[in-house]
Amino acid sequence: MPSQVSYPRWPKRDEAAEYYEFPPEHFLAQQVNPAKHRLSLPLSATAESSQSNNTDSVATTSGPSFDQASLAAVFEPWKYPQEGLNSENGMPDTSTLAAADFDIDVRTGFLPPEPPLSRLDSPYHIWEDLLSLARSSHLRLLGGGASSSPEGAPLARRWRRRVRQMPIISIEHDMHCDIRKARRGHLVLSFLAHFYLHSQPQSSHQPEPATSSWSDFRWFKTSAPDNELEEEGRGAHLDDIPAPISIPLVQLSEVLGLPPILTYATTVLWNWELSDPARGLTPDNVKIVETFTDTESERHFYLTSLLIEMRGVEALTLMRQSLDEAFVGDRLASKRLTDYLERLAGVISDLTRILAKVRDHCVPAEFYWAIRPWFRGSDASLAGRGWHYSGIDPEHVRRNLGGPSAGQSSLIHALDVFLDVDHSRRKERLRDRTPRSVDLGPSDATFMERMSFYMPRHHRDFLHHLRSLSFEDVSQSEPPTTTSHQSGTPHPVRAFIIDRIGTEPTLSFAYDKALKALKSLRDEHMKVAALYIISQSRKSPTAVHASDDLQVPITVAPTGRETTLVGTGGTDLVQFLKDCRINTVDAMIQPTH
Ligand code: HEM
């Protein structure tokens with residue numbers, strides 16, 4: 001008997017939501033007891049449901065920002081499910097943290113099946129209030145320098161004091177066992193942490209306000225310590241996350257399996273709501289909730305990734321079906337696998353088109369100078385010493401964590417794992433590897449491996465599981481001639497295809513086609529990175545004229561002309577992106593096709 005493991009159901013059309021034990025036939029159970037059965041799970045489920053109401057939304061968003069006609073073209077012919085998503089109506093119930101699952105939904109992929117909460121109620125409303133207040137308190141990067149208005153700096157300073165003075169709220173009221181609250185809590189606290197740290201002036205004193213304003217009375221009439229200005233001036237609070245944020249943030253991070261910092265999951269996967277709850281999750285009905293700058297550029301930046309995740313749901317389905325076929329391994333399976341790989345190439349091309357459209361509403365200079373610096377992680381703290389989590393870590397302990405990056409998208413990692421793109425450069429390839437300009441040889445912890453640390457625990461587990469899948473035990477009668485894992489364990493899809501190069505050339509052609517599409521995605525990504533980061537770094541921040549509110553001091557971004565550009569996750573950017581592309585090409589079976 002196979003060992004019994006509980007996973008979420010990939011729901012059929014009308015099944016009730018529940019967790020169940022994988023049948024031994026399913027590819028996710030084949031590790032323990034393979035049995036040759038073809039699975040015919042539906043491509044997408046269409047359960048009917050109603051939408052949860054988000055009437056308490058505090059969204060600061062405008063409508064969807066993609067050109068809807070061209071967006072529709074990208075999402076055609078695949079139809080994103082129109083139905084609402086609710087656990088009462090045939091959806092897997094991911095609302096409990098007790099579920100041993102990969103938290104991947106058949107209709108929403110790595111996105112939660114229900115819209116994320118857009119506001120927490122008592123007692124956590126205090127965090128929400130401070131987040132709302134952050135927007136009206138003139139918080140500027142590095143204190144705003146000369147661009148700050150006379151009343152701006154004291155307002156911001158008082159906001160930071162309020163953060164330090166807020167009560168420490170236990171997550172044990174109900175947040176630790178409610179995943180939607182836990183996600184929203186992580187989002188709010190990590191936004192607060194980044195607002196708090198990155199709005200502090202890095203040096204010298206800020207000008208005092210000429211007069212008191214109405215809001216001074218309303219929010220801060222009780223205290224205005226004289227030494228506060230001096231404290232911030234000498235950097236007393238730099239790189240220090242106050243206990244009212246750090247304690248619940250670290251606790252929630254443990255619950256969610258995330259580091260205590262802003263991540264891709266926080267800014268994208270859990271940062272959306274529906275314009276019209278009745279219409280369900282569709283590309284033209286989703287909008288971003290939280291931003292640092294309240295700009296269209298920032299919303300569109302997150303939205304681009306969100307739409308990629310949505311379109312990627314079909315890729316996950318195709319991967320699952322392909323693995324089923326590779327497992328069955330008969331002639332019909334080869335035909336089906338060829339078809340799935342061709343379709344996967346089409347989906348990846350759609351991802352490329354969505355990525356390219358980031359240019360439509362995200363202004364490069366705004367992104368580089370006014371938005372991206374808010375993402376800085378503690379590994380890029382200007383003082384270069386990491387962040388201290390007060391109330392959690394001893395005084396001398398500093399944590400070095402990277403800021404959010406779409407490199408943390410489990411979807412792109414899943415594509416790499418499924419197609420056997422090897423970023424560690426440790427596996428055997430069919431040909432000599434393409435040399436890199438700086439060949440560092442195999443690495444133990446590649447950037448991509450490190451990035452998985454920034455994914456929610458269940459998604460990281462899913463990738464680990466996908467990586468460890470092998471049908472070696474069932475194919476002993478027909479052992480693969482080529483191994484692709486360092487350990488010698490055959491990669492299920494690649495080994496299947498390589499074994500049939502001579503007899504079924506269309507199969508390897510389709511596999512390479514999917515890899516070519518992934519390479520094109522990386523080509524486009526490099527163009528985007530060149531536009532949004534490399535070329536901006538060569539300009540002056542004074543070129544940012546988006547609005548007075550976005551004016552940033554010259555010290556805020558990496559100094560004007562960096563010799564080695566560093567990504568948000570701390571990588572040598574150009575070299576790294578080139579390497580990712582090289583590793584994609586190296587996975588191809590017959591790249592000259
Ligand atoms: C304006 C848009 C974007 C810019 C400027 C940008 C920039 C970057 C940078 C600087 C890196 C280096 C890693 C690091 O963060 O340290 C990176 C990596 C990465 N980004 Fe983006 N990115 C953008 C959009 C996206 C989107 C929408 C996705 C897909 C959801 C994405 C997926 C990735 C992936 C998977 C990596 C890891 C390297 C790779 O697999 O090729 N990026 N990006």
Side-chain angles (χ1 to χ4, degrees), residues 109-111 190 194 257-259 261-271 301-309 311-312 315 348 351-352 354-356 358 362 367-368 371-380 400-419 421-425 436 440 443-457 459-460 462-464 466-467 518-534 558 564-584 587:
F110 293 107
L111 301 170
S190 51
H194 281 243
L258 278 176
I261 194 165
L262 204 66
T263 62
Y264 177 81
T266 339
T267 52
V268 175
L269 300 183
W270 306 336
N271 190 19
F301 175 66
Y302 303 145
L303 184 66
T304 301
S305 293
L306 185 61
L307 292 175
I308 284 180
E309 296 292 333
R311 186 65 189 94
I348 298 173
L351 304 186
T352 307
I354 298 171
L355 175 61
V358 71
C362 183
F367 171 78
Y368 184 76
I371 297 169
R372 189 170 179 257
W374 288 107
F375 302 159
R376 277 176 188 279
S378 53
D379 60 351
N400 276 301
L401 296 165
S405 158
Q408 298 164 5
S409 162
S410 305
L411 174 69
I412 311 292
H413 284 240
L415 287 170
D416 279 339
V417 175
F418 173 77
L419 291 170
V421 175
D422 170 30
H423 294 297
S424 71
R425 295 174 72 86
R436 301 185 292 186
L440 307 168
S443 61
D444 286 332
T446 64
F447 171 85
M448 301 302 265
E449 285 164 351
R450 269 187 288 129
M451 282 300 102
S452 66
F453 171 65
Y454 294 86
M455 296 169 188
R457 176 187 296 117
H459 297 171
R460 184 167 52 246
F462 169 76
L463 290 174
H464 179 74
L466 196 60
R467 214 172 275 122
L518 191 55
K519 186 216 166 237
S520 300
L521 175 63
R522 292 205 152 103
D523 288 340
E524 184 59 43
H525 184 258
M526 283 197 69
K527 286 186 210 157
V528 165
L531 172 65
Y532 281 84
I533 298 180
I534 298 165
T564 304
L565 270 167
V566 175
T568 330
T571 55
D572 171 346
L573 180 56
V574 178
Q575 184 57 45
F576 166 69
L577 295 180
K578 278 187 185 163
D579 285 353
C580 289
R581 200 171 51 176
I582 286 174
N583 297 333
T584 312

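Remember, it's a predicted structure, so these values are computed and weren't measured experimentally. All values below were derived from every heavy atom in this structure, side-chain atoms included, with hydrogens, water molecules and symmetry-related copies excluded.
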The side chain to side chain contact (heavy atoms under 4.5 Å, CB included) partners of C580 (sequence neighbours excluded) come to H423, R522, F576
Those residues at least two apart in sequence (or on a different chain) that pass side-chain hydrogen bond (donor to acceptor under 3.5 Å, both in side chains) with T263 are T266
Distance col, row H194:NE2 vs T267:OG1, nearest 0.5 angstrom, shows 9.5 Å
For Y264, the side-chain hydrogen bond (donor to acceptor under 3.5 Å, both in side chains) test, sequence neighbours excluded, returns E309
N271 meets the side-chain hydrogen bond (donor to acceptor under 3.5 Å, both in side chains) criterion, sequence neighbours left out, with none
By salt bridge (charged side-chain N to carboxylate O under 4.0 Å, His left out), R581 pairs with (sequence neighbours left out) D523
For H459, the ring-ring contact (aromatic ring centres under 6.0 Å, His included) test, sequence neighbours excluded, returns F110
| message | Does any part of the side chain of N583, heavy atoms only, come nearer than 4.5 Å to the side chain of D416, both counted from C-beta? | response | no
Check: R460 side chain, S452 main-chain N or O, donor-acceptor pair, under 3.5 Å: yes
Of Y368, F367, W374, the one forming a ring pair (Phe, Tyr, Trp, His ring centres under 6.0 Å) with F301 is F367
*For residues T584 and L521, determine if any side-chain heavy atom of one lies less than 4.5 Å from a side-chain heavy atom of the other.*
no
Under 3.5 Å donor-acceptor pairs involving side-chain atoms of residues 524-531, not counting sequence neighbours:
from: E524; atom 1: OE2; to: R359; atom 2: NH1; distance (Å): 2.8
from: E524; atom 1: OE2; to: R359; atom 2: NH2; distance (Å): 2.8

Any sub-3.5 Å donor-acceptor pair from Y454's side-chain atoms to G402's backbone N or O? yes
In this structure, OG of S305 is separated from CG of L269 (nearest 0.5 Å) by 9.0 Å
